[in-house]
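In what follows, a structure is listed as structure tokens, so that the remarks can point back to it.
Every value quoted in this text rests on a predicted model; they were computed, and no experiment measured them. Both ligands and their constituent atoms are indexed starting at 1 by order of listing. Basis for what follows: all heavy atoms, side chains included, without hydrogens, waters or symmetry-related copies.
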Amino acid sequence: MSAWWVEAFGDPCRSCDYNWSVSLDAAMARVSDSPERYRILLHDHSGRERLPELSWSAKGYVFHVADNLRIWAERLTAASAGATDPITEYDDNLLARARAYEQLPIGAAIWSLHKAVDCWKESVVVADETAVVLNHPRRGALSVLDVVRSNCHDVVHHEWDI
Ligand SMILES: [Zn+2]
């Protein structure tokens with residue numbers, strides 16, 4: 001596992017208790033089930049609920065998780081096709097503003113998460129677990145397992161935020 005995430009969050013994560021040694025299959029299953037878990041979690045809520053110490057509302061986190069999975073799916077697909085250039089990082093707060101998360105309904109966020117998970121699973125299946133490596137400018141060389149574990153953490157951590 002790339003040490004960056006463990007140093008940043010702790011193992012297990014100091015907030016959400018995520019264990020970074022999760023297997024590829026278990027992490028994929030947890031991401032696959034996340035749209036339904038999020039849907040149940042936010043049932044009968046507007047998604048506008050927000051804790052004062054957090055920067056986004058509940059639905060903002062759902063949109064973020066969906067966008068993050070979609071972006072990583074594109075990165076995995078690019079690497080599977082032979083791309084070796086370093087990953088271009090994105091500013092998630094700028095993306096949230098550009099996409100106007102807060103003006104969209106929670107139903108659209110859950111729908112988007114469903115679609116993003118489908119794309120993400122496809123990209124992981126296509127990636128050769130033993131050969132594909134992504135070059136992250138701050139986190140170093142990332143294996144497919146590193147990516148799957150970190151993407152799963154994003155899903156679990158923000159579920160905990162919500
Ligand atoms: Zn966490």
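The environment of Arg30 atom CZ is sparse: at most 12 non-hydrogen atoms of other residues, nucleotides or ligands sit within 6.0 angstrom. Other residues, nucleotides and ligands place no more than 12 heavy atoms under 6.0 Å from the CD atom of Gln103.
Considering every non-hydrogen atom in both Val62 and Ala109, the closest pair reads CG1-O, 3.5 Å.
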(message) Please evaluate residues Asp67 and Arg70 with respect to the criterion salt bridge (charged side-chain N to carboxylate O under 4.0 Å, His left out), reporting the C-alpha separation (whole Å), side-chain torsions for both, the decisive distance (0.1 Å), and the verdict.
(response) CA-CA 5 Å; Asp67 279 342; Arg70 205 172 286 111; 3.1 Å; yes

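Between Trp20 and His153, a ring centre-to-centre spacing shorter than 6.0 Å is recorded. With ring centers used as reference points, Trp111 lies 6.0 Å or more from His114.
Among protein atoms, those of element N, O or S found less than 2.8 Å away from the Zn ion (ligand 1) are Cys13 SG, Cys16 SG, His153 NE2, His157 ND1.
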